[in-house]
Amino acid sequence: MKNGDHLFLVDGSGFIFRAFHAIPPLNRKSDGLPVNAVSGFCNMLWKLLKDARNTDVGVTPTHFAVIFDYSSKTFRNELYDQYKANRTAPPEDLIPQFGLIRHATRAFNLPCIEKEGFEADDLIATYARLAEAAGADVTIVSSDKDLMQLVTPKVSMYDSMKDKQISVPEVVEKWGVTPDKMIDLQAMTGDSTDNVPGIPGIGPKTAAQLLEEYGDLDTLLARAEEIKQQKRRENIIANRAQALLSRQLVTLRTDTPLDVPLEDLVLETQDGPRLIAFLKAMEFTSLTRRVAEACDCDASAIDPATVPVEWGAEAHGPDLDKDEAPGPGTEGASGESAADAAETLLPTASADGYEPAQLARTRAARFSGQPIDHSAYVTIRDLATLDRWVADARETGLVGFDTETTSLDAMQAELCGFSLAIADNARDPSGVSIRAAYVPLLHKSGVGDLLGGGMVEGQIPMRDALSRLKGLLEDPSVLKVAQNLKYDYLVMKRHGITMQGFDDTMLMSYALDAGAGTHGMDSLSERWLGHKPIAYKDVAGSGKGAQTFDMVDIDRATAYAAEDADVTLRLWHVLKPRLAAEKMTTVYERLERPLVPVLARMEERGITIDRQILSRLSGELAQGAAAFEDEIYELAGERFTIGSPKQLGDILFGKMGLPGGSKTKTGQWSTSAQVLEDLAAQGVPLARKIVDWRQLTKLKSTYTDALPGFVHPETKRVHTSYALAATTTGRLSSSEPNLQNIPVRNAEGRKIRTAFIATPGHKLVSADYSQIELRVLAHVAEIPQLKQAFADGIDIHAMTASEMFGVPVDGMPADVRRRAKAINFGIIYGISAFGLANQLSIERSEAGDYIKRYFERFPGIKDYMDQTKAFARENGYVETIFGRRAHYPEIKSSNPSVRAFNERAAINAPIQGSAADIIRRAMVKMEPALADGGLSARMLLQVHDELVFEVEDAEVERAIPVIVGVMENASMPALSMKVPLKVDARAALNWDEAH
DNA sequence: GTCCGACCGTA
DNA sequence: TTACGGTCGGACG
């Protein structure tokens with residue numbers, strides 16, 4: 001084990017008890033075997049492991065073990081025969097689960113560790129300290145306070161049930177002392193559940209206060225006479241020996257003899273079939289399905305494992321009477337003959353030669369250029385035929401799905417029909433021949449009265465079709481495959497159908513190939529299938545002659561719509577194995593797919609805008625702009641189109657003969673705000689007027705005039721659309737309207753934000769990450785000063801200025817800090833002297849000097865940038881901390897400026913993209929967390945580092961800590977950040993005041 | 001009608 | 001110096 005490795009230690013015994021009491025009773029259907037703790041345990045492990053990626057980045061687990069108590073009798077009973085003496089026997093329903101959880105651990109292909117005479121905590125302590133000494137990071141998956149004494153900057157804990165990281169600050173917050181003082185604190189307070197005596201009358205608060213004053217227990221005992229409170233003094237003096245004994249009891253052993261060396265805890269790849277066999281034996285259907293999907297295994301082909309169940313108390317569990325316990329120590333040491341025998345019954349992995357990369361190649365070859373026959377598509381016109389298709393889809397468990405509607409806007413779209421594509425097993429049992437059908441529902445004939453003609457005959461009634469569709473789409477055991485699923489998901493949701501069990505080929509492509517081509521269906525089809533699908537405009541027309549899809553002839557519609565479902569399912573067959581082969585399954589499943597329903601709900605909710613405010617602002621802006629126009633014509637000596645950069649340039653630099661600044665790439669004089677500001681500074685009043693005029697007209701045309709047009713006629717709210725696969729870095733984008741660029745930077749623009757308001761009886765809550773990109777930089781580049789500054793919560797730009805310019809933080813001139821801030825941003829953007837000079841309006845040489853000095857003060861940054869560039873050149877892509885890839889195919893361009901641009905983008909992408917990953921994770925976790933808290937708060941908007949919620953007045957105080965907690969802990973458990981994440985949140989009646 | 005460049009709003 | 005989307009003017013057809 002080495003620096004950069006990361007060891008996960010799961011407190012298995014702790015988990016069993018906690019899960020048993022926290023998770024509602026769950027019994028195996030076939031025989032009533034209680035399995036709630038096993039279920040919780042398997043889900044927890046799966047979650048941890050799905051987050052864990054097998055890369056060489058080193059921030060995710062490289063080593064992993066689950067630790068158990070062997071029995072209740074340990075060396076501590078030699079010290080104190082009453083240790084844990086008041087524990088009662090475990091509940092009957094828990095007893096069989098001790099053994100099952102050990103089986104589960106092995107089915108997950110994880111080391112399962114226990115040691116006679118020691119508690120799990122001692123093993124954890126020993127492994128943690130060894131790993132730490134080797135330079136690795138450690139995450140202990142537990143929330144037990146007894147383990148908090150182990151926390152250090154390199155060792156943190158993770159409460160998997162609350163999804164909270166516990167590091168030094170959290171320990172201090174909870175107990176009032178740093179982790180290294182936890183032993184003394186516990187020695188003083190004792191522990192009634194473990195029967196550790198402590199000192200009577202001393203609780204956590206008093207203990208923390210005494211430790212604050214005296215430093216440690218020994219000093220306190222030595223100077224006990226000084227304590228003022230008589231009772232307390234007497235208690236401490238009288239119970240001196242008891243305190244020292246308690247300290248012995250609570251001190252975890254870091255010298256436990258280990259049967260399994262640290263090095264052997266290396267995290268192995270999953271054995272899909274073995275795990276599935278176990279899960280099937282437990283009858284955990286949904287987890288079985290998820291696992292099968294993740295490893296591309298066919299669960300139906302795997303038999304359930306034979307798992308022996310031990311109802312007797314002999315099976316080792318922490319609190320069972322173990323006098324006659326069998327002899328096994330650690331996994332594989334001995335004993336457990338029944339279990340060993342059972343495991344030989346498990347199917348072996350890869351018996352059928354499953355190998356993702358090979359499968360991906362086979363599939364790509366098979367589908368590329370395979371002809372697509374439109375004449376084979378069918379139109380489904382009656383319920384009986386639809387029922388047969390639905391039954392066939394259920395049979396194969398896999399169906400391509402697409403909706404046809406009247407609008408690209410999912411909130412306005414009317415459903416006209418839908419198409420299905422399924423494997424044609426009858427014709428080709430071995431594989432992947434596909435048949436497809438279109439189900440028209442609301443097609444109208446072109447002829448008829450002025451209202452657009454009547455319904456075409458031979459269409460299934462909407463109600464009947466939807467009822468059949470509901471059964472199929474809501475069944476999680478049938479995988480629906482769509483292209484740009486969010487659209488179809490939202491359309492179906494508006495018809496009362498909540499899809500479950502789905503994949504999205506667009507998002508698969510995005511996870512695999514962001515930056516390398518687009519992810520629309522037509523381009524994917526041409527790229528992977530060598531087939532150009534029928535163009536929409538060839539079916540429905542375009543421009544003025546365009547008709548809505550319900551007016552399209554049904555035969556034409558069938559060819560077009562069925563082909564979409566067909567192509568989508570073919571693309572799935574090509575892309576799905578690539579995810580596994582290229583190790584992008586986790587990115588897809590954690591950061592892409594789960595966001596579909598989350599974003600669909602946000603879009604569906606929308607946000608209220610106050611049209612009166614906007615209308616008033618529009619009036620004010622119009623007046624202001626008109627006044628500027630008169631003055632501008634006066635100063636220019638003629639009337640012209642102020643909004644035309646070309647005409648403006650001719651006036652300023654031609655007619656008036658002013659010195660031009662820069663030129664645009666087409667050779668025109670630039671009239672950018674920067675150029676005009678420079679002219680204004682040189683005493684050209686016209687320039688200032690133009691700048692001001694532009695600001696007003698921009699606000700009016702882009703915001704105050706445009707936004708009311710987006711108010712939905714029924715909901716009366718504004719529903720933006722988020723694009724999941726639009727950026728190279730992993731950010732979302734927002735359009736129609738874009739709610740990610742609502743003004744905020746100056747007072748005039750901010751007025752627009754006051755028009756975004758909460759529903760009566762509610763508040764808007766805005767929660768945003770503080771400096772998330774710089775924190776990510778500190779994390780990935782391992783910059784000691786940055787990490788320290790964030791840990792201490794000090795002003796990061798001031799710290800940078802202080803390091804660079806030797807100016808003390810106290811009383812620092814604003815301009816010095818401003819420069820440092822610009823440099824920090826520059827670093828994130830892949831700095832160049834040219835760009836920094838531009839930003840700060842200084843000479844290139846001076847900017848170059850700044851950069852040089854920055855790199856001298858923070859050499860790690862230079863290393864990081866060089867390494868990132870080298871990685872991008874070598875691989876053609878870069879990676880975020882969660883493994884998302886951004887491709888830069890032009891990074892080796894022979895054109896120096898193209899190359900330099902790609903290098904800067906490649907340096908920026910891991911930083912911007914990691915931040916995007918973090919907020920994506922927060923968004924996925926947010927709704928369950930709010931529901932757990934009994935909160936009805938609704939997430940409405942995302943603006944890259946900010947989430948906006950609508951919260952009932954009475955809930956605001958409870959909701960804010962939940963929201964902040966989810967966001968600050970969003971990276972867990974996949975990785976623990978080396979820098980804390982900080983979130984600020986505020987509630988108000990409108991977005992301006994909440995932000 | 002459609003496309004592109006310039007400009008500017010956000011993180 | 002990174003990442004976006006919207007509006008406008010103006011050129012093209």
Could you tell me whether the phosphate oxygens of C:dG10, OP1 or OP2, come under 4.0 Å of any side-chain nitrogen or oxygen in A:Q647?
yes
For A:Y854 and C:dT1, what is the distance between atoms OH and C1' respectively, to the nearest whole Å?
13 Å
Nearest to the side chain of A:A905, heavy atoms from C-beta on, is which of C:dT2, C:dG9, C:dG6?
C:dT2
Between the side chains of A:T608 and A:R717, is a donor N or O closer than 3.5 angstrom to an acceptor N or O?
yes
At 4.0 Å (heavy atoms only), tell me whether A:G830 reaches a base, stays on the sugar-phosphate, or touches nothing.
nothing
I'd like to know if the side chain of A:N824 pairs up with that of A:Y854 as donor and acceptor (distance under 3.5 Å, no hydrogens or angles considered).
yes
Going 5' to 3' along DNA chain B, between which two nucleotides do contacts with chain A fall, using a heavy-atom cut-off of 4.0 Å?
B:dG1 to B:dA11
Testing A:T727, A:T729, A:T728 one by one against A:Q912 for a side chain to side chain donor-acceptor pair (under 3.5 Å), which residue passes?
A:T729
Per atom distances to the A:S735 side chain, the nearest of C:dA11, C:dG6, C:dA3 is C:dG6
To the nearest angstrom, how far is A:L696 atom CG from C:dC8 atom P?
15 Å
Closest of C:dT1, C:dG6, C:dA3 to the A:F901 side chain is C:dA3
Check every strand shown and say whether A:A915 touches a base, only sugar-phosphate, or nothing at a heavy-atom separation below 4.0 Å.
nothing
Euclidean distance, atom CZ of residue A:R694 to atom C1' of C:dG9 [Å, nearest integer]:
12 Å
Counting any heavy atom closer than 4.0 Å, what does A:I828 reach on the DNA or RNA strands: base, sugar-phosphate only, or nothing?
nothing
Centre-to-centre under 6.0 Å for A:Y888 and A:F871, is that the case here?
no
Of the listed C:dG10, C:dT1, C:dG5, the closest approach to the A:N838 side chain comes from C:dT1
Check every strand shown and say whether A:T728 touches a base, only sugar-phosphate, or nothing at a heavy-atom separation below 4.0 Å.
sugar-phosphate
Measure from the side chain of A:S733, starting at C-beta and using heavy atoms only, and say which of C:dC8, C:dG5, C:dG6 lies closest.
C:dG5
Find the distance A:L724:CG to C:dC4:P and express it as a whole number of Å.
14 Å
Identify whether any heavy atom of A:E946 sits under 4.0 Å from a base atom; if not, whether one sits that close to sugar-phosphate; answer base, sugar-phosphate or nothing.
nothing
Going by atom types alone, do A:H995 and A:D768 pair a side-chain donor with an acceptor below 3.5 Å?
no
Of the nucleotides C:dT2, C:dA11, C:dC4, which has the atom closest to the A:T727 side chain?
C:dC4
Take the protein atom CD of A:Q942 and the nucleotide atom P of C:dC4, then report the distance between them rounded to whole Å.
14 Å
Quick one: is C:dT2 close enough that its OP1 or OP2 comes under 4.0 Å of any side-chain N or O from A:R904?
yes
Roughly how many Å is it from CG in A:N908 to P in C:dT1, rounded to a whole number?
13 Å
Here the distance between atom P of C:dC8 and atom OH of A:Y703, to the nearest Å, is 12 Å
How about A:F756 and A:W991: are their ring centroids closer than 6.0 Å?
yes
What do you reckon, do A:Y829 and the base of C:dT1 stack, with centroid distance below 5.5 Å and planes below 30°?
no
Rounded to whole angstroms, how far apart are OH on A:Y850 and P on C:dT1?
17 Å
State whether A:K862 and A:D866 are salt-bridged, where the test is any N-O pair (Lys NZ or Arg NE/NH1/NH2 against Asp/Glu carboxylate O) under 4.0 Å.
yes
So what does A:A673 touch, heavy atoms closer than 4.0 Å: a base, only the sugar-phosphate, or nothing?
sugar-phosphate
Less than 4.0 angstrom from a charged side-chain N to a carboxylate O is my criterion; do A:R775 and A:E968 meet it?
no
